[in-house]
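Labels below follow one simple rule: chain letters A, B, ... track the order of the sequence lines, proteins then strands, and each chain is numbered from 1.
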Number of protein chains: 2
Amino acid sequence: MPDEIPDIVVGRLPVYLRALMRMAQESREITSSHELGQRLGISSAQIRKDLSHFGEFGKQGTGYQVKFLVEQLRRILKVDAEWGVALVGAGDLGRALAHYGGFANRGFRIVAVFDNDPAKIGMKLTGGLAVQDSSRLSDAIRQSGWKVAMVAVPADQAQAVADKLVEAGVQAILNYAPITLVVADGIRVQYIDPVVHLQRMTFYL
Amino acid sequence: MPDEIPDIVVGRLPVYLRALMRMAQESREITSSHELGQRLGISSAQIRKDLSHFGEFGKQGTGYQVKFLVEQLRRILKVDAEWGVALVGAGDLGRALAHYGGFANRGFRIVAVFDNDPAKIGMKLTGGLAVQDSSRLSDAIRQSGWKVAMVAVPADQAQAVADKLVEAGVQAILNYAPITLVVADGIRVQYIDPVVHLQRMTFYL
DNA sequence: TAGATTGTTAATCGATTAACAATC
DNA sequence: TAGATTGTTAATCGATTAACAATC
């Protein structure tokens with residue numbers, strides 16, 4: 001039970017889940033902490049320790065039922081139901097996200113796309129969503145109760161967008177703008193900046 | 001000097017650099033570990049400790065010259081010159097990356113785009129690059145000596161693409177496919193999977 | 001039974017923080 | 001000088017690993 005789960009443990013669970021879903025897809029019925037660790041480049045002890053925070057999911061001598069562990073991780077991560085995600089920004093990146101097929105079955109669906117560019121408002125995206133005026137953002141989020149949003153606007157607009165999202169009730173933001181956001185306590189933010197990731201590697205070259 | 005810098009320290013440097021470049025853009029000439037820490041939600045002690053691995057960049061009583069520290073971090077991260085980046089995959093995401101303006105000035109430029117879809121090969125992208133046949137990938141990389149690549153292909157092709165890249169001499173891969181890659185020792189891989197990032201937050205909701 | 005693998009404990013390892021002398 | 005902030009040390013805190021009893 002969530003005594004106090006370290007963030008770093010929570011951060012690994014989605015990676016475990018992703019690998020396990022892939023195993024399930026490959027019709028592997030059973031796996032072990034050793035096998036999973038090899039696939040992921042993580043020690044088997046760490047996998048067992050991480051899982052032990054949440055319960056006992058394996059069998060001595062046998063390992064883990066892949067399907068069962070997938071179910072459990074989905075439940076733990078709260079992606080056993082689907083979250084509606086508001087997307088702000090309908091530029092190249094925003095549209096690529098709107099079209100991305102990888103959200104399905106993993107707990108998320110983009111339910112609305114906003115932009116403040118008159119040239120983009122009204123645009124019909126593949127998948128059926130139309131780009132809405134950002135001025136409708138607060139109302140739409142408040143009415144629908146969406147808790148998760150993605151920000152794909154230019155850096156100089158990202159903080160203002162985040163402020164509006166949080167004020168409308170959003171509690172988790174995935175930010176693609178290359179800037180660190182300042183948000184209230186309890187609001188979660190994750191960052192995706194390809195340049196940051198690239199720079200983490202060039203150091204070693 | 002690089003005794004043995006912890007990965008986790010290297011991982012924070014690009015975030016420091018990003019914030020400092022922003023400060024420079026805002027014409028802030030001086031900053032302190034305290035101010036930078038506040039912006040980033042990190043303790044001032046950690047920032048000073050991290051920087052101390054590489055030298056002494058500040059002045060007691062004053063703080064850090066923003067421009068100077070930017071220069072130093074760019075040098076440390078080896079992004080004071082520009083890396084040519086090969087991009088594999090010209091789907092929605094690949095094209096969004098090819099059009100992305102955020103690489104400029106931060107050490108990277110996409111120099112080639114590959115895809116194996118005949119319908120996409122030859123396509124002219126904004127910015128002037130044409131999509132090349134993946135069959136040319138190995139030769140092109142070997143001839144040009146590119147060391148950095150981004151992978152934006154479907155999950156089931158990503159490992160094969162990574163293998164080809166590494167074989168051709170690539171040493172750093174930014175992987176957008178939702179799968180953990182297996183690569184030889186010494187090859188760096190970073191992962192961007194929006195679903196993983198979202199799942200890291202829903203746990204707390 | 002023999003072999004395998006879990007869940008957990010204790011030991012090790014590493015990272016963060018607090019504190020402060022040095023000094024601008 | 002008085003105030004501020006660095007770079008660094010030592011203490012604290014937390015995460016990883018190794019080892020193994022339990023048991024399938």
Side-chain angles (χ1 to χ4, degrees), chain A residues 1-16 19-20 23 28-73 76 180 200 203-204, chain B residues 1-16 19-20 23 28-73 76 180 200 203-204:
Chain A
M1 314 296 157
D3 314 84
E4 204 41 76
I5 313 293
D7 279 6
I8 199 161
V9 171
V10 175
R12 283 189 292 259
L13 299 186
V15 178
Y16 299 168
L20 288 161
M23 287 183 183
R28 304 270 298 91
E29 302 215 330
I30 301 266
T31 190
S32 65
S33 58
H34 182 74
E35 183 186 46
L36 189 55
Q38 282 222 313
R39 278 217 194 194
L40 299 179
I42 286 179
S43 79
S44 61
Q46 180 157 85
I47 290 172
R48 294 197 303 279
K49 187 103 215 290
D50 285 352
L51 295 176
S52 76
H53 286 99
F54 304 97
E56 310 192 355
F57 306 118
K59 255 205 187 82
Q60 286 106 322
T62 310
Y64 303 88
Q65 290 275 142
V66 173
K67 273 175 84 171
F68 175 73
L69 192 48
V70 164
E71 268 173 36
Q72 295 305 308
L73 285 172
I76 291 165
T180 300
R200 281 177 184 160
F203 174 83
Y204 299 96
Chain B
M1 312 300 154
D3 315 83
E4 204 40 76
I5 313 292
D7 279 6
I8 199 162
V9 171
V10 175
R12 283 189 291 260
L13 299 185
V15 178
Y16 299 168
L20 288 161
M23 287 183 184
R28 303 271 298 92
E29 303 216 330
I30 301 264
T31 189
S32 66
S33 59
H34 181 77
E35 183 186 48
L36 188 56
Q38 281 223 313
R39 278 218 193 192
L40 300 179
I42 286 178
S43 78
S44 61
Q46 181 158 83
I47 290 172
R48 293 198 302 278
K49 188 105 215 291
D50 285 352
L51 294 177
S52 76
H53 285 99
F54 304 96
E56 310 192 354
F57 305 118
K59 256 205 185 85
Q60 286 106 320
T62 310
Y64 303 89
Q65 290 276 140
V66 172
K67 275 175 85 171
F68 175 73
L69 192 48
V70 163
E71 266 173 38
Q72 295 304 309
L73 285 172
I76 292 164
T180 300
R200 280 177 183 161
F203 172 83
Y204 298 96

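Note: NZ (Lys49(B)) to P (dG7(D)) measures 13 Å, nearest angstrom. To the nearest angstrom, P of dT5(D) lies 12 Å from CD of Gln38(B). Nucleotide dA15(C) holds its C1' atom 15 Å from the CD atom of Glu4(B), rounded to whole Å. Separating the CZ atom of Phe57(B) from the P atom of dG7(D) is a distance of 8 Å, rounded to the nearest angstrom. The CD1 atom of Ile47(B) sits 17 Å away from the P atom of dA15(C) (whole-angstrom rounding). Note: CD (Gln65(B)) to P (dT6(D)) measures 13 Å, nearest angstrom. Whole-Å rounding puts the Leu51(A) CG to dT8(C) C1' distance at 13 Å. One atom, NE2 of His53(B), and another, P of dT9(D), lie 12 Å apart when rounded to the nearest Å.
Residue Ser33(B) places at least one side-chain N or O closer than 4.0 Å to OP1 or OP2 of dT6(D). OP1 or OP2 of dT16(C) has at least one side-chain nitrogen or oxygen of Gln46(B) nearer than 4.0 Å. A sub-4.0 Å separation between OP1 or OP2 of dG7(D) and a side-chain N or O of Tyr64(B) is present. A close approach under 4.0 Å does not occur between any side-chain nitrogen or oxygen of Arg48(A) and OP1 or OP2 of dC20(D).
Base pairing analysis places dG3(C) opposite dC24(D); the two distances defining the Watson-Crick or G-U wobble pair are each below 3.5 Å. Pair assignment for dA10(D) gives dT17(C), based on Watson-Crick or G-U wobble hydrogen-bonding distances that are each under 3.5 Å.
Taking the side chain as every heavy atom from C-beta outward, Tyr64(A) and Ile30(A) never approach each other to under 4.5 Å. Within the 4.5 Å cutoff, the side chain of Val70(B) has no heavy atoms near those of the Lys67(B) side chain. The shortest distance between side-chain heavy atoms of His53(A) and Pro6(A) falls below 4.5 Å.
Note that OG of Ser43(B) and NE2 of His34(B) are 11.0 Å apart. Values are rounded to the nearest 0.5 Å.
Here Ser44(A) lies out of heavy-atom contact (under 4.0 Å) with every strand.
Closest-nucleotide positions on DNA chain C for Thr62(A) and Ala45(A) were compared, and the one nearer the 5' end corresponds to Thr62(A). With DNA chain D read from its 5' end, the first of the two nearest nucleotides for Asp7(A) and Lys59(A) is the one closest to Asp7(A).
Of all non-hydrogen atoms in Ile42(A) and Gln46(A), the two that sit nearest each other are CG2-OE1, 3.6 Å.
In the set dT5(D), dT16(C), dT8(D), the nucleotide with an atom closest to the side chain of Gln60(B) is dT5(D).
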